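Here is the structure we will look at, set down as structure tokens.
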Amino acid sequence: MMMRRLAVILITAAMALTAAAQSHYDGTIAVGGKAGATFSRLNFNPTVQQSMSPGVTAGVMFRYIEEMNFGLIAELNVTQRGWKEAFDDADYNYSHRFTYLELPVMTHIYFGNRRVKGFINLGPELNVMLGDGITSNFAYQDAAAMDYFTQHSRHIEQLTMDVKSRMDYGICAGAGLEVNLSAKQSLLLEGRFYYGLTDVFPNHKTDIFAGSNSMTVSVTLGYFYRLK
């Protein structure tokens, strides 16, 4: 609940910053692309033993800067998220990967000089799940009958559980550096954190898990071309 309240506060702050940046200055417009790596997990409640699941992300970006130090960025990305089970002293592998089409709309705050700028991005994000898949080296459908799972106290329901919600929304926040290559071209490196507010799996009182929302860290390299 604390993380969800924090997310609401951050979204409100992002909207306030966006409103504060509105004025009648001549704006600049840039478009570009990005690609990079993701490291994600699901925030299960009760807890599931897991490690960060690696994936990839790529997409296109649109940026509008209306006045000094403030702007807006919208992106359309295809991103892999999910989780990877952690097994103590066992040579088992299991990962469940989700592929999302994501649309973040963020306040863009930047500072620095003409050559190198630091920046902070913050705002809400909407996601639509395009598909999901499981990779495993054991018969996870029959985990309840396997010695390892009968000898260890751990949840196994998530191994075969169907996805409940293919829509996800949350809050994302990132920071990075942008280097201007010329008056119209720049490269940027960004680290970003996403916290989902929607549970992937069923969360009714009769269900095993009360929560199963996404948490993702991404590192991307991007390119902007200034149109205006």
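Quantities reported herein were computed from a predicted structural model and do not represent experimental measurements. Just so you know, residue 1 is the first one in the sequence shown, and it goes up from there.
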Full working for side-chain contact (heavy atoms from CB on, under 4.5 Å) between F70 and I109:
CA-CA 5 Å; F70 286 96; I109 305 169; 4.1 Å; yes
Stepwise, does the side-chain contact (heavy atoms from CB on, under 4.5 Å) test hold for N121 with R192?
CA-CA 8 Å; N121 295 327; R192 186 180 296 178; 4.1 Å; yes
Just verifying a value: how many Å separate T107 OG1 and L122 CG, rounded to the nearest 0.5 Å?
6.5 Å
Note: F119 and H108 closest approach over all heavy atoms is CB-CE1, 3.5 Å
Please determine whether residues F87 and I156 belong to a single hydrophobic cluster, defined as Ile, Leu, Val, Met, Phe, Trp and Tyr linked transitively by side-chain heavy-atom distances below 4.5 Å.
yes
Would you say CG of N137 has more than 12 non-hydrogen atoms from neighbouring residues, nucleotides or ligands within 6.0 angstrom?
yes
May I ask you to test the M61-T220 pair for a side-chain heavy-atom distance under 4.5 Å?
no
Name all residues meeting the salt bridge (Lys or Arg N to Asp or Glu O under 4.0 Å) criterion together with E125; count only those two or more places apart in sequence or in a different chain, and write none if there are none.
R81
Would you please classify the geometry between the W83 ring and the F44 ring as parallel, tilted or perpendicular, with 30° and 60° separating the classes?
perpendicular
Determine whether a donor-acceptor pair (N or O, by modelled atom type, separation under 3.5 Å) exists between the side chain of Q50 and the backbone of L42.
yes
Is a side-chain N or O of S53 found less than 3.5 angstrom from the main chain of S40, in a donor-acceptor match?
no
How about M68: does its CE atom have over 12 heavy atoms from other parts shown lying under 6.0 Å from it?
no
Is M161 close to D207 at the side-chain level, that is, under 4.5 Å between some pair of heavy atoms?
no
Once you round to the nearest 0.5 Å, how far does CD1 of I65 lie from OG1 of T28?
4.0 Å
Approximate separation, where rounding is to 0.5 Å, of T47 OG1 and H155 NE2:
8.0 Å
Would a 4.5 Å heavy-atom cut-off, applied to side chains only, mark L72 and R63 as touching?
no
I need the minimum non-hydrogen distance between I171 and P124, along with the two atoms involved.
CD1-N, 4.1 Å
Any non-hydrogen side-chain atom of L101 less than 4.5 Å from a side-chain atom of L76?
yes
Counting only N and O atoms by type, is there a donor-acceptor contact under 3.5 Å from the side chain of N77 to the main-chain atoms of E102?
no
Kindly compute the distance separating CZ (R115) from OG (S186), expressed to the nearest 0.5 Å.
10.5 Å
Single-linkage hydrophobic cluster Y223~I29, side-chain heavy atoms < 4.5 angstrom:
yes
Hey, could you give me the CD/NZ distance between E190 and K34, rounded to the nearest 0.5 Å?
5.5 Å
With a 4.5 Å limit on heavy-atom distance, are the side chains of F149 and Y140 in contact?
no
I need the minimum non-hydrogen distance between T198 and S165, along with the two atoms involved.
CG2-OG, 3.4 Å
S214 side, atom OG; Y194 side, atom OH - distance, nearest 0.5 Å
6.5 Å
I'd like to know if the side chain of Y94 reaches the main chain of L159, judged simply by a donor and an acceptor atom lying under 3.5 Å from each other, with no hydrogens or angles considered.
yes
For S212 and V200, indicate whether the former's side chain and the latter's backbone hold a donor-acceptor pair under 3.5 Å.
yes
Please answer whether the main-chain N or O of M129 pairs with a side-chain N or O of Y100 as donor and acceptor at a distance below 3.5 Å.
no
I need the minimum non-hydrogen distance between M146 and F138, along with the two atoms involved.
SD-CD1, 3.8 Å
Show your reasoning for whether side-chain hydrogen bond (donor to acceptor under 3.5 Å, both in side chains) applies to T57 and T79.
CA-CA 4 Å; T57 182; T79 298; 2.7 Å; yes
Between T38 and Q80, do the side chains contain a donor N or O and an acceptor N or O under 3.5 Å apart?
no
Spell out, as yes or no, whether a donor-acceptor pair under 3.5 Å connects the side chain of R41 to the backbone of G82.
no
Residue pair V163 / F98, side-chain heavy-atom distance below 4.5 Å:
yes
Considering only heavy atoms from C-beta outward, does the side chain of T135 approach that of N93 to under 4.5 Å?
no
Taking D132 for its side chain and R97 for its backbone only, find out whether a donor-acceptor pair lies under 3.5 Å.
no
Using a 4.5 Å cut-off on heavy atoms from C-beta on, say whether the side chain of K164 contacts that of N203.
yes
Same cluster or not: L126 versus M215, using hydrophobic residues (I, L, V, M, F, W, Y) connected whenever any side-chain heavy atoms lie under 4.5 Å apart?
yes
If hydrophobic clusters are built from ILVMFWY residues whose side chains come within less than 4.5 Å, do V31 and L221 share one?
no
With sequence neighbours excluded, what pairs up with R154 under the side-chain hydrogen bond (donor to acceptor under 3.5 Å, both in side chains) test?
E85, Y148
Same cluster or not: V60 versus V56, using hydrophobic residues (I, L, V, M, F, W, Y) connected whenever any side-chain heavy atoms lie under 4.5 Å apart?
no
What closest approach, in Å, do M106 and C172 show between heavy atoms, and which atom pair accounts for it?
SD-SG, 3.6 Å
Is the distance from the ring center of F209 to that of F201 below 6.0 Å?
no
